[in-house]
Amino acid sequence: MVLVAVLLPNLMLVAVLALGRYEELVLGGDEPAAEPPGRHLVAVPDLPPAGSAPHGEAEAPYDRAAARRRHAA
């Protein structure tokens with residue numbers, strides 16, 4: 001019983017992967033798929049460290065009235 005519980009999932013995984021490879025072979029998966037036009041990745045710069053102010057500006061002191069005026073977007 002334990003042998004079936006240990007080996008059956010592995011055998012099923014191998015069977016599914018083999019069927020996938022067979023499908024690629026039958027359907028002609030040798031040629032690479034064309035890239036969709038206009039899709040390009042863009043690098044996003046890292047955020048500055050939490051303790052430093054952006055562009056050398058000093059951070060404004062905490063203003064309780066300003067905090068009350070801000071609303072969630």
Side-chain angles (χ1 to χ4, degrees):
M1 186 65 117
V2 173
L3 189 63
V4 171
V6 171
L7 291 179
L8 188 62
N10 293 331
L11 291 175
M12 289 173 51
L13 177 63
V14 168
V16 168
L17 292 176
L19 286 173
R21 294 295 294 167
Y22 176 72
E23 181 184 10
E24 287 180 6
L25 179 70
V26 169
L27 295 179
D30 293 336
E31 65 274 353
E35 293 183 18
R39 292 204 170 195
H40 301 285
L41 296 177
V42 178
V44 178
D46 291 335
L47 294 175
S52 66
H55 303 293
E57 299 173 0
E59 291 195 23
Y62 180 75
D63 184 12
R64 192 170 180 88
R68 273 187 261 131
R69 285 191 298 257
R70 286 187 223 133
H71 299 285

If hydrophobic residues (ILVMFWY) are linked whenever their side-chain heavy atoms come closer than 4.5 Å, directly or via other members, who joins [X] in its cluster?
X: Leu17; result: Leu13
X: Leu7; result: Leu3
X: Val2; result: Val6
X: Leu11; result: none

Checklist entry - What pairs of residues pass the salt bridge (charged side-chain N to carboxylate O under 4.0 Å, His left out) test when at least one of them lies in residues 7-22, not counting sequence neighbours? => result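 Every pair satisfying salt bridge (charged side-chain N to carboxylate O under 4.0 Å, His left out) with a residue in residues 7-22: Arg21-Glu24.
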Next on the checklist: Test of understanding: with side chain to side chain contact (heavy atoms under 4.5 Å, CB included), list the residues that count as partners of Leu19, not counting sequence neighbours.
Outcome noted: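 For Leu19, no residue satisfies side chain to side chain contact (heavy atoms under 4.5 Å, CB included) once neighbours in sequence are set aside.
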Checklist entry - Linking I/L/V/M/F/W/Y whenever their side-chain heavy atoms sit closer than 4.5 Å, directly or via other members, would Val16 and Tyr22 fall into one cluster? => result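 Cluster IDs for Val16 and Tyr22 differ.
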